[in-house]
Amino acid sequence: MTFTNKAAGEMKERIAKLVGKRSAKELTVGTFHSFCVRSLRKHAEKAGLRSGFGICDSDDQLMAMKQALRDLQIPDTDLQPNVCVSQISLLKNRLITPRALRASGDKHDIRMSDVFERYNQGLRASGVLDFDDLLLYMVKLIEDPDILTAFRKQYRYLFVDEYQDTNGPQYEIVRQIGTKHQNVCVVGDDDQSIYGWRGADVSKILNFEKDFAKATVVRLEMNYRSTPEIIAGANAVIRNNRQRHDKALRSAAKSGEPINVQRLDDEESEALFVVEDIKQRQWESKCGYGQFAILFRTAVQPRLFEMRLRSEGIPYNLVGGMSFFDRKEVRDILSFLKLVANPADELSLLRVINTPPRGIGATSVERMLAVAMETRSSLPEVIRSGEAHTTIKPSVVNAGGRFLDTMDSLRASLEESDLVTFVKRLIRVVGYETELQRCYKDKATRAKRWEAVTEIMNMAEIHQRKSSDPSLQRFLEDVTLNSNEEDDKDVTDSHRLTMMTLHSAKGLEFGEVYIVGVEEGLIPHAKTIKEKDVDEERRLAYVGITRAERRLTLSCVKSRARRGQRAAVLPSRFIYEMRGKDTPQELIDRAELEFGDRPPEAKPAQKKKSGKKSPRKATRKKKIPKVPPSHTHQGRGLTGGSI
DNA sequence: GACTGGGCGCTTTTT
DNA sequence: GCGCCCAGTC
């Protein structure tokens with residue numbers, strides 16, 4: 001079991017190298033999520049699911065949540081849909097049910113529990129599961145003694161990678177299947193726990209010895225990856241975390257370069273510096289660009305680097321960040337496909353019911369949903385029996401019926417042809433190209449939008465050629481579960497530079513690593529400073545630092561544009577920690593001031609006229625002076641120095 | 001019911 | 001700097 005598809009792929013490769021391809025095939029290797037999907041499909045009716053259940057991604061989740069909030073007549077100024085999505089995800093990952101939540105009696109909890117239930121109902125009505133449900137339904141499935149016995153019989157040895165990231169349901173699955181045989185091997189590092197926000201529970205790894213009494217513990221403190229300089233930096237940072245297994249890595253490598261820290265004027269200079277540095281290093285070392293990685297905290301950061309790399313003609317591979325799958329055209333086409341695969345998928349139906357416009361507007365949809373709720377029927381059923389309902393216009397019923405007919409006949413034609421032909425036919429039948437012409441008068445943007453559509457055809461082609469199961473259902477599954485991985489050809493490509501988030505870098509290694517934007521507010525992220533939960537950010541920095549084999553460069557800037565406004569920023573406290581220095585109190589105070597909920601002391605100097613619009617913004621702007629001199633002129637300090 | 005323009009709020013990380 | 005939502009207009 002792994003946590004990412006990338007890790008699963010690598011694991012498969014290594015196993016094949018060890019035991020040969022043929023034997024490797026007998027092992028089940030995959031993420032928890034894909035393991036659960038497969039199991040749930042196999043035992044669908046026992047799990048209380050239709051075998052054609054769909055999987056909804058984060059965008060669908062958001063739509064479902066908005067709908068749930070509308071149903072409950074909660075204005076989204078009151079509870080933000082995206083906040084609700086993440087809170088409910090967290091609850092699911094902690095195995096907390098709506099009922100249990102309600103039991104606390106807290107007013108907010110009770111309301112949240114309503115939202116929780118409504119949201120679940122919406123998903124169920126659509127016949128879809130969200131990512132968290134995949135795990136939850138699996139836990140429920142193996143409560144059945146017969147099924148559990150079968151699983152225990154089939155999987156007599158379990159191996160879990162990155163065990164510190166295990167959440168409640170995942171732990172439950174491992175425990176249920178593994179307890180009987182006690183053949184459970186896990187690998188993990190509490191210092192690399194960076195998924196607390198999605199319910200990962202470090203206590204699981206700390207308690208492993210209790211759960212599996214016969215366990216042998218092997219400590220791996222010798223590091224064979226990085227130079228002593230890099231390891232020293234990593235240790236220096238991580239020891240500032242109080243709650244952790246006390247340990248310190250030792251490097252087995254020979255001494256190398258000191259860690260390089262650069263402070264640039266702004267993002268632009270940062271990108272320029274990093275790319276120039278990489279260019280030069282690559283030229284000197286004569287190695288491919290594949291040994292370089294640029295790591296960042298947030299998905300918006302890579303933009304400038306991309307532009308720079310492009311103009312320099314340096315091949316790169318961007319992992320994470322803004323996804324191709326977030327594009328409107330892609331989402332539309334996938335919704336059509338999902339609807340074909342699963343007629344009950346209400347979320348997808350709602351998305352495309354009026355795309356291209358066919359005379360079914362928002363009000364009509366609202367009315368039909370209301371009828372569906374009243375009569376406890378589904379949206380398609382309401383449309384089909386439309387004449388009976390006086391509130392809905394006949395024209396809408398007609399148009400809706402025709403749309404459903406189109407989907408039905410597409411579904412009926414599914415068997416006739418291969419996947420690629422089918423996808424092409426669907427795009428033609430729904431008239432998507434015409435729709436693009438209608439929406440985008442500009443030729444260039446239209447071409448770009450169409451490109452995304454053809455990209456789906458390409459993906460279908462690749463799937464058809466490579467997958468053991470070229471069905472539509474499997475295609476959709478792979479797409480929703482793998483939406484971050486492009487194609488494996490890029491990953492192994494040794495002359496491409498890698499750009500990725502710190503999160504997705506875990507488990508990987510690169511000869512030379514650049515961590516960019518190492519500033520207060522970014523690493524540690526503003527939100528975590530606010531919530532006083534900087535430890536996980538420190539672990540994230542630790543993960544980033546330990547990705548580097550030979551050379552590590554950290555960069556930060558003096559000012560950065562945020563929300564379209566430029567503001568002075570400070571170097572991250574982690575840079576001070578890494579140099580073995582105390583973080584200046586001044587910096588901590590300033591970060592508190594800037595990002596924290598309340599100012600540390602009273603607010604004397606600004607009771608005057610604060611523009612009524614957004615007082616928060618106004619105070620903030622006033623309170624951030626230029627970069628404090630004590631940090632800019634630090635002798636051989638941060639500017640261009642090494643440690 | 002579709003379209004357009006202005007205002008608003010937001011940007012953490014992933015399966 | 002962006003996309004989303006809403007209100008107003010055709």
Side-chain angles (χ1 to χ4, degrees), chain A residues 1-8 30-37 55-59 61-63 66 70 75-77 80-83 85-86 89-90 92-93 129-135 162 165 167 169-170 193-200 295-301 303 319-323 325-328 354-365 393 395-396 399 438-439 477-478 480-485 500-506 517 521-531 533 536-537 539-541 543-544 560-566 613-614 616-617:
Chain A
M1 305 287 215
T2 65
F3 283 83
T4 66
N5 293 299
K6 179 170 266 163
T31 62
F32 273 101
H33 290 87
S34 61
F35 173 68
C36 292
V37 176
I55 302 161
C56 80
D57 59 28
S58 29
D59 196 73
Q61 277 183 294
L62 194 61
M63 298 234 302
K66 283 180 186 166
R70 265 195 296 265
D76 53 12
T77 44
Q80 287 168 5
N82 55 344
V83 173
V85 167
S86 53
S89 170
L90 203 54
K92 286 185 176 182
N93 285 327
L129 303 185
D130 66 19
F131 289 125
D132 309 314
D133 286 337
L134 294 175
L135 304 173
E162 308 280 10
D165 292 331
N167 65 24
Q170 289 164 332
S193 161
I194 53 175
Y195 285 108
W197 51 273
R198 72 175 210 208
L295 307 182
F296 42 86
R297 176 67 233 265
T298 68
V300 287
Q301 281 170 270
R303 263 199 155 117
V319 184
M322 302 270 144
S323 171
F325 296 89
D326 295 336
R327 297 172 65 164
K328 183 180 177 303
N354 203 28
T355 315
R358 51 178 68 85
I360 306 173
T363 37
S364 296
V365 171
K393 293 206 293 189
S395 67
V396 169
R438 192 187 63 85
C439 290
E477 215 160 77
D478 283 3
T480 21
L481 251 43
N482 283 346
S483 60
N484 276 321
E485 267 104 302
M500 60 169 83
T501 60
L502 287 162
H503 280 87
S504 38
K506 194 173 61 159
L522 227 39
I523 333 180
H525 194 272
K527 207 142 193 164
T528 65
I529 297 176
K530 200 174 188 161
E531 283 153 18
D533 185 22
E536 185 153 306
E537 298 288 295
R539 291 193 288 268
L540 194 55
V543 166
R560 183 177 291 275
R562 255 193 317 154
R563 277 209 239 132
Q565 284 234 316
R566 186 154 291 281
K613 266 198 191 155
S614 68
R616 256 245 242 64
K617 220 186 227 168

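To find a chain, count down the sequence lines: A is the first, B the second, and so on, and within it residues start at 1.
Taking only side-chain atoms of A:H33, from C-beta outward, the nucleotide of B:dG1, B:dT15, B:dT12 with the closest atom is B:dT15. Residue A:F131 has its side chain nearest to B:dT15 when only B:dT12, B:dT15, B:dG1 are considered. In the set B:dA2, B:dT12, B:dT13, B:dA2 carries the atom at the smallest distance from any side-chain atom of A:P357. Across B:dT15, B:dT12, B:dG1, the shortest atom-to-atom separation from the side chain of A:R297 is found for B:dT12. Nearest nucleotide to the side chain of A:T298, out of B:dT12, B:dT15, B:dG1: B:dT12. Comparing B:dA2, B:dT13, B:dG1 against the side chain of A:V396 picks out B:dG1 as the nearest. Picking from B:dT12, B:dA2, C:dC5 the nucleotide with the shortest atom distance to the side chain of A:N354 gives B:dA2.
The ring-ring contact (aromatic ring centres under 6.0 Å, His included) test applied to A:Y195 returns A:W197, A:H503, not counting sequence neighbours. Listed by chain and residue number, A:E270, A:E519 satisfy the salt bridge (charged side-chain N to carboxylate O under 4.0 Å, His left out) test with A:R560 (two or more places apart in sequence, or in another chain). Residues satisfying the side-chain contact (heavy atoms from CB on, under 4.5 Å) test with A:S364, not counting sequence neighbours, are A:I360, A:V396. Under the rule for a salt bridge (charged side-chain N to carboxylate O under 4.0 Å, His left out), the partners of A:D130 that lie at least two apart in sequence or sit in another chain are A:K92. Remark: A:H525 engages no residue in a ring-ring contact (aromatic ring centres under 6.0 Å, His included) (not counting sequence neighbours).
A:S504 has no side-chain polar atom (N or O) that falls below the 4.0 Å cut-off from OP1 or OP2 of B:dT13. In this model, the phosphate group of C:dC5 is approached by a side-chain N or O of A:K66 to a distance below 4.0 Å at OP1 or OP2. In this structure, A:S364 reaches the B:dG1 phosphate: one of its side-chain N or O atoms is under 4.0 Å from OP1 or OP2. Residue A:N93 places no side-chain N or O under 4.0 Å from the OP1 or OP2 atom of B:dT15.
Here the side chains of A:L135 and A:H33 are in contact, with some heavy-atom distance below 4.5 Å. Annotation: side chain of A:L62 is in contact with side chain of A:N82 (closest heavy-atom distance under 4.5 Å). Residues A:I523 and A:L502 meet the side-chain proximity criterion, which asks for heavy atoms closer than 4.5 Å.
Protein atom CZ of A:F3 is 11 Å distant from nucleotide atom P of B:dT15, rounded to whole Å. With rounding to whole Å, A:L134 atom CG is found 14 Å from B:dT14 atom C1'. Regarding A:L502, its CG atom lies at a distance of 14 Å from the C1' atom of B:dT14, rounded to whole Å. We find that CD of A:Q301 is positioned 16 Å from P of B:dT11, with the value rounded to whole Å. Atom P of nucleotide B:dT11 and atom CG of A:N82 are separated by 5 Å, given to the nearest angstrom. The nearest whole Å value for the distance from the CG atom in A:L90 to the P atom in B:dT14 is 16 Å. For the pair A:M500 CE and B:dT12 C1', the computed distance is 17 Å after rounding to whole Å. Atoms CD (A:E536) and P (B:dT14) sit 13 Å apart, rounded to a whole Å.
As judged by a 4.0 angstrom heavy-atom cut-off over every strand, A:D132 is placed among residues making no nucleic acid contact. At a threshold of 4.0 angstrom between heavy atoms, the contacts of A:Y195 are confined to the sugar-phosphate backbone, with no base atom among them. Residue contacts shown for A:S34 are absent, as no nucleic acid heavy atom lies under 4.0 Å away.
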Distances for protein N/O vs nucleotides 5-7 of chain B N/O pairs under 3.5 angstrom?
none

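Comparing A:Q61 and A:R358 against DNA chain B, the residue whose closest nucleotide sits nearer the 5' end is A:R358.
At distances below 3.5 Å, at least one donor-acceptor pair connects side-chain atoms of A:E536 with backbone N or O atoms of A:G196.
For a distance-only test at 3.5 Å, the side chain of A:H525 fails to qualify as a donor-acceptor partner of the base of B:dT12.
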